[in-house]
Amino acid sequence: MTEQEKKDLAIKATKVRMGVIEGTHAAKAGHPGGSLSSADMFTYLYFKEMNIDPDNPHDPDRDRFVLSKGHTAPGLYAALALRGFFPWEDLKTLRQIGSHLQGHPNMNMTPGVDMSTGSLGQGVSCAAGMAKAAKYLGKQCRVYTLLGDGEIEEGQVWEAFMFAANYKLDNFVAIIDKNGLQIDGPTKDVMDSGDIAAKLRAFGFEVMEINGHDFDQIEAAFNKARETKGKPFGIVMHTVKGTGVSYMTNSVEWHGKAPNDEEYQIAMNELNAKLAELEAK
Amino acid sequence: MAEVKKMATRDAYGAALAELGEEKSDLVVFEADLAAATKTGVFRKKFPDRHFECGIAEGNMMAVAAGAASMGLVPFASSFAMFAAGRAFEQVRNSIGYPHLNVKIGATHGGISVGEDGASHQCCEDFALMRSIPGMVVLCPSDAVEARAAVRAAYEYVGPVYLRFGRLAIPVFHDQDTFRFEIGKGETLRDGDDVAIIATGLMVYEAVQAAEQLQAQGIHARVINLCTIKPLDTELVLKAARECGKIVTAEEHSIIGGLGEAVCAVVAESGIPCKVKRVGVNDEFGHSGPAVPLLKQFGLSAENIAKVAAEL
């Protein structure tokens with residue numbers, strides 16, 4: 001990846017983070033923490049990795065993305081809006097009556113959303129079903145799903161992983177956002193999931209552990225995923241919850257809380273400063 | 001009376017899948033390690049590349065089927081009713097019902113007639129659970145002919161459908177050659193104006209027998225088969241309420257949340273003066289035993305329907 005490409009992605013990721021703040025502030029609700037930890041991944045997926053077309057969101061041959069950790073919809077919505085699936089202004093209608101932007105993703109309401117999710121542990125199974133169907137139908141498309149590191153406490157996640165390995169779904173990529181925090185506290189205190197990469201390997205996955213805020217590493221992981229044949233691919237991405245907003249960084253408090261007007265201003269000032277810094281490079 | 005041919009609706013399910021599979025290449029089957037019992041094994045034998053084993057993981061299977069449906073396939077996901085509607089309820093609700101995906105849930109071993117396996121496997125709650133999901137069609141065929149037709153209708157219908165089949169071989173009383181099935185339409189099997197017996201599943205044949213018994217007592221009973229529990233054939237139910245003034249419902253399901261309550265709600269809200277009595281499994285669990293005596297013990301018999309109807 002060239003420095004220019006990396007800079008462009010960083011700028012877009014900063015805008016996605018601004019979209020997260022815009023949405024949750026306007027809604028007075030929502031989940032900024034995990035949306036921000038995944039913002040770089042959302043950006044990379046929608047601007048570099050996936051074969052998608054905002055003008056043809058139902059293209060049967062498109063790549064699919066399932067946000068298994070559906071509560072981080074504000075991050076997904078911001079990436080979709082930035083990519084042109086719907087107007088940026090829509091982000092401010094998040095969670096409002098009449099909005100197509102539901103609290104958790106709805107595939108029948110929001111252009112670009114491939115599966116309705118929100119109940120943890122289910123999206124990953126849906127994604128595995130899509131990958132299996134794509135193989136049966138002889139489609140070349142790939143299926144990506146993003147899970148939280150708290151979400152993997154759900155047993156169904158491991159049922160889905162078994163299924164993906166059993167059917168050798170090498171068109172399936174499971175990304176785990178290991179930001180280390182869940183609602184009740186640090187994940188290692190709430191329910192220690194131990195060595196996630198080792199568990200995935202034991203379930204038959206090819207795995208890479210990366211820094212989820214480093215575009216070179218994200219690119220390397222997807223390249224390796226594409227080269228991997230006969231096995232599903234797992235990406236354990238180490239991230240920091242709340243990245244991009246000082247007072248949300250690595251804070252459990254900001255898992256599911258919206259910024260008030262004052263906090264909104266601080267966040268937007270910080271992100272605007274980041275944007276100016278990147279654009280001046 | 002001539003010996004009536006008997007067949008379990010689950011056998012008709014397997015046969016219907018195998019038959020439809022010939023015509024429809026987008027029909028695929030997901031199974032949770034019960035292919036020999038749910039009879040999807042019949043389909044697997046014919047179409048091994050379209051029968052996807054999910055192992056003993058029903059929740060995952062339902063969401064996997066949802067994903068496959070979103071890709072344009074028409075999945076039939078099968079397990080016992082207990083696990084399809086019970087264990088996987090939330091996956092059916094959130095991954096199939098909420099996005100209104102085109103998944104058909106083929107649930108076998110519904111009700112008390114599971115028999116020897118006992119209460120853990122005797123699902124008498126599935127109608128209640130599945131009815132409560134917005135947009136879910138709920139079907140419970142009364143014999144093998146209707147089961148076969150219902151499978152085809154479910155395939156043709158676009159949207160989620162729950163089909164309940166039974167383990168026990170039961171009389172086949174519909175005529176394969178003339179039978180026509182439509183989702184949402186009930187079937188009047190016998191006319192009468194003294195009382196209407198509205199039944200579903202294996203209780204339909206019992207209802208017909210009950211009507212015979214009532215006839216001998218001078219009571220003319222109407223018999224209505226409601227294979228479609230949701231959406232309910234309101235018109236037919238209210239016609240019965242108006243013309244008979246007395247209704248007995250009969251189902252191999254808890255009296256809570258099933259066909260009986262659906263009929264009660266429609267009749268009560270109509271303002272038509274009509275007494276309703278529900279025959280079903282009372283608020284209790286089943287237990288082990290051979291299916292036929294178990295059904296009798298739980299009052300799921302022609303004799304009990306006739307008794308309740310006569311007393312109404």
Side-chain angles (χ1 to χ4, degrees), chain A residues 58-66 68 70 102-110 113-139 141-145 154-167 169 171-172 203, chain B residues 21 24-33 44 47-77 79 83 87-105 133-135 158-160:
Chain A
H58 294 293
D59 179 356
D61 294 320
R62 72 190 186 279
D63 287 344
R64 266 50 169 204
F65 175 72
V66 178
S68 201
Q102 295 295 294
H104 295 80
N106 180 313
M107 65 184 288
N108 296 316
M109 293 175 83
T110 307
V113 169
D114 292 322
M115 182 54 64
S116 300
T117 54
S119 178
L120 295 177
Q122 297 191 28
V124 58
S125 299
C126 297
M130 290 174 176
K132 177 66 189 155
K135 289 246 174 206
Y136 171 70
L137 293 165
K139 288 182 184 295
C141 65
R142 297 174 66 75
V143 183
Y144 302 85
T145 183
E154 289 281 4
Q156 185 179 342
V157 169
W158 301 94
E159 296 178 4
F161 288 163
M162 250 189 289
F163 179 91
N166 182 72
Y167 285 105
L169 301 179
N171 54 350
F172 173 84
F203 270 68
Chain B
K24 320 286 185 187
S25 62
D26 56 1
L27 189 161
V28 295
V29 172
F30 290 92
E31 176 59 64
D33 195 39
R44 178 174 62 191
F47 306 104
D49 63 325
R50 278 199 265 158
H51 184 280
F52 308 131
E53 185 57 72
C54 295
I56 310 165
E58 298 81 8
N60 178 61
M61 175 178 72
M62 291 303 172
V64 159
S70 81
M71 301 290 287
L73 294 175
V74 185
F76 278 73
S79 184
F83 316 125
R87 188 189 198 95
F89 171 76
E90 205 231 322
Q91 285 81 2
V92 172
R93 193 264 190 198
N94 272 322
S95 290
I96 297 173
Y98 177 45
H100 202 71
L101 284 164
N102 197 22
V103 176
K104 318 303 167 185
I105 300 161
I133 298 174
V158 180

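Letters go in sequence order (proteins before strands), and every chain restarts at 1. What you are looking at is a predicted structure, and each value in this text was computed from that prediction instead of being measured.
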For A/Asp59, all residues meeting salt bridge (Lys or Arg N to Asp or Glu O under 4.0 Å), sequence neighbours excluded: none

When only pairs under 4.5 Å are counted, which of B/Ala57, B/Pro75, B/Ala66, B/Ala65 shares the most heavy-atom pairs with chain A? B/Ala57

Looking only at heavy atoms, what is the nearest atom pair of A/Met115 and B/Gly67, with distance? CE-CA, 4.0 Å

When rounded to the nearest 0.5 angstrom, what distance separates CG in A/Asn108 from CG in B/Leu101? 7.0 Å

With rounding to the nearest 0.5 angstrom, report the CD to CD distance, B/Glu58 to A/Gln156. 11.0 Å

When you look at CZ of B/Arg87, are more than 12 heavy atoms from neighbouring residues, nucleotides or ligands closer to it than 6.0 Å? no

Regarding B/Tyr98 and A/Asn106, is there a side-chain donor-to-acceptor distance under 3.5 Å anywhere? yes

Quick check on A/Ala127 against chain B: is it the side chain, the backbone, both or neither that has a heavy atom closer than 4.5 Å? neither

Can you tell me how far the OG atom of A/Ser116 sits from the CD1 atom of B/Ile96, to the nearest 0.5 Å? 12.0 Å

With only heavy atoms counted, which part of A/Ala131 is less than 4.5 Å from chain B, the side chain, the backbone, both or neither? neither

Locate the shortest heavy-atom distance separating B/Ser70 from A/Met107; write the atom from each residue and the value. CB-CE, 4.2 Å

Can you give me the closest heavy-atom contact between B/Ala63 and A/Ser125, atom names plus distance? CB-CB, 3.3 Å

What pairs of residues pass the side chain to side chain donor-acceptor pair (under 3.5 Å) test when at least one of them lies in residues 126-135 of chain A, not counting sequence neighbours? A/Lys135-A/Asp170

With rounding to the nearest 0.5 angstrom, report the CD to CD distance, A/Gln122 to B/Gln91. 4.5 Å

For atom CZ of B/Arg93, is the number of surrounding heavy atoms from other residues, nucleotides or ligands below 6.0 Å larger than 12? no

With rounding to the nearest 0.5 angstrom, report the CG to CE distance, B/Leu73 to A/Met130. 11.5 Å

Is there a side-chain contact between B/Asn60 and A/Met162 in this structure, where contact means two heavy atoms from C-beta onward sitting under 4.5 Å apart? no

Audit row: B/Asp49, A/Tyr136, side chain to side chain contact (heavy atoms under 4.5 Å, CB included) steps and yes/no: CA-CA 8 Å; B/Asp49 63 325; A/Tyr136 171 70; 4.3 Å; yes

Could you give me the CA-CA distance, side-chain angles and deciding distance for A/Cys141 and B/Met71, then say whether side chain to side chain contact (heavy atoms under 4.5 Å, CB included) is met? CA-CA 11 Å; A/Cys141 65; B/Met71 301 290 287; 3.9 Å; yes

